[in-house]
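Heads up: the structure comes next, in structure tokens.
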Amino acid sequence: MDEQPEPVQEPAARSGGGLDRRAELSEFLRTRRARLKPEDVGLPDFGRRRVPGLRREELAQLAGVSVAYYTRLEQGNGRNVSAEVLDAIARALRLSDAEHAHLMHLAKPKQHKKKPVARTQQVRPTLRHLLDSIDSVPAYVVGRRSDILAWNRMAAALFGDWAELPEPERNWGRLVFLRPEYRELFVEWDQKAQDMVGYLRMDAGRHPDDPRLSALVGELSVKSEEFRRLWAAHDVKEKGFGVKRLRHPLVGELTLSFETFRLVDDVEQSLITYHAEPGTPSAEALRLLASWGADATRAGAGSTAPPA
């Protein structure tokens, strides 16, 4: 029998200020199942379905569990589920490594002492010195919730002078979704926005009790229709490496490679660097930004005219 369509869920919050882990688990599994077609997993398709994706009984068959067992899990009841069963369900759902890790965080959260998750993260002084010594490569440190914790002069020249923003506004989610100049800065803004939501989703799986993360998700959901749509998709992503195209107001378009280095002593902090291939117009553009110094920093992402 076909399943009835389920309504789109708003971000689920608990009275304690965090996200509802059971609701998150339920929606994550449902959206992963909805994206699979029978032919994707070698099953026959017996005609039109009322809702997209595999039926629960089909997914349970692929994972080797009972329909009742899988249904309880998709309803958010992850108690007593084994890692082996979760692995089987992850394989049946064709989950990526990041999605598999997210499923584990939601279904089998680590038991640990309560920590003051709202406490401001601190960047080691030696790491700040390292940032200051890198004078030709934009670099910054990002923490939980994609908060921007520290940066060098070249990052300010490329992305804007974050020192002029109140500390709560130094957050990539707020920058991408609430500040128009960043929509202009990123040539593929849609991809940047999708990545940003994926990073926040991973954080939500690791720290559903973080009230600041819950407040950020609530704020962005209220202020940005695009964020609401992407958040409802339950896609997750880990920060990694790749290429970004930027449209800078002073030097024009740049194609830059970025790398993410997770810190050994604090896995929730990462050093992000951007660099250009030597001998390219993008490398020359970075050199120009470095030579302009404070003028380029003041211009950042929001200026429309070159320095006088």
Side-chain angles (χ1 to χ4, degrees), residues 1-14 18-109 194-195 197-208 213-214 217-218 220-221 225-238:
M1 180 181 297
D2 286 338
E3 298 168 12
Q4 295 298 317
E6 299 180 53
V8 175
Q9 298 290 322
E10 293 294 328
R14 296 184 311 215
L19 296 173
D20 186 333
R21 192 189 296 272
R22 289 190 58 161
E24 291 294 305
L25 173 61
S26 175
E27 283 298 296
F28 179 68
L29 288 172
R30 187 184 64 79
T31 54
R32 298 313 88 181
R33 180 169 57 85
R35 72 183 181 181
L36 287 177
K37 298 177 182 177
E39 56 266 30
D40 294 335
V41 295
L43 292 176
D45 187 358
F46 295 111
R48 189 175 136 188
R49 298 170 181 238
R50 293 182 184 176
V51 295
L54 297 180
R55 300 183 177 96
R56 289 194 183 100
E57 56 266 29
E58 292 170 332
L59 198 284
Q61 176 187 344
L62 289 170
V65 300
S66 71
V67 178
Y69 188 96
Y70 176 75
T71 299
R72 284 197 302 273
L73 185 62
E74 194 172 287
Q75 288 172 345
N77 187 358
R79 290 178 298 177
N80 302 321
V81 63
S82 69
E84 290 76 17
V85 167
L86 290 175
D87 288 344
I89 290 173
R91 288 192 297 271
L93 289 170
R94 306 295 196 265
L95 299 188
S96 67
D97 289 344
E99 290 171 330
H100 192 169
H102 188 60
L103 174 62
M104 296 296 290
H105 291 144
L106 294 177
K108 294 185 74 67
Q194 185 175 334
D195 291 347
V197 173
Y199 302 152
L200 291 176
R201 269 282 177 205
M202 287 297 293
D203 273 353
R206 294 188 184 101
H207 304 288
L213 176 57
S214 181
V217 170
L220 295 178
S221 297
E225 181 180 351
E226 289 147 319
F227 179 87
R228 283 198 306 277
R229 175 179 57 81
L230 292 171
W231 186 258
H234 283 260
D235 292 332
V236 295
K237 188 171 185 177
E238 288 277 22

Distance, nearest 0.5 Å, that separates CG of Leu25 from CG of Asp20:
10.0 Å

side-chain hydrogen bond (donor to acceptor under 3.5 Å, both in side chains) against Arg201, all qualifying residues, sequence neighbours excluded
Glu24, His234

Side-chain contact, heavy-atom cut-off 4.5 Å: Leu200 with Leu220?
yes

Measuring from atom NZ of Lys237 to atom NE2 of His102, what distance do you get when rounded to the nearest 0.5 angstrom?
15.0 Å

With Asp235, which residues qualify under side-chain hydrogen bond (donor to acceptor under 3.5 Å, both in side chains), at least two apart?
Arg32

Please test Tyr199 against Asp203 for side-chain contact (heavy atoms from CB on, under 4.5 Å), starting from the C-alpha separation and ending with a verdict.
CA-CA 6 Å; Tyr199 302 152; Asp203 273 353; 6.0 Å; no

Identify every side-chain donor-acceptor pair in residues 82-95 under 3.5 Å, counting partners at least two apart or on other chains, and give the distances.
unit_1 : atom_1 : unit_2 : atom_2 : d
Ser82  : OG     : Val85  : N      : 3.1
Asp87  : OD1    : His100 : NE2    : 2.8
Arg94  : NH1    : Arg91  : O      : 3.2

Sequence-distant partners of Glu238, side-chain contact (heavy atoms from CB on, under 4.5 Å), two or more places apart:
Ala98, Met202, Arg206, Arg262

Tyr70: what forms a side-chain hydrogen bond (donor to acceptor under 3.5 Å, both in side chains) with it, not counting sequence neighbours?
Glu74

Between atom CZ of Arg21 and atom NE2 of His207, what is the distance when rounded to the nearest 0.5 Å?
10.0 Å

Atom pair CG/CD of Leu62 and Glu57 - distance to nearest 0.5 Å
11.0 Å

How long is the gap from CG on Leu36 to CG on Leu54, to the nearest 0.5 Å?
5.0 Å

side-chain hydrogen bond (donor to acceptor under 3.5 Å, both in side chains) involving Ser96 - partner list, sequence neighbours excluded:
Glu99

Spatial distance of atom CD (Gln194) from atom CZ (Arg229) [nearest 0.5 Å]:
8.5 Å

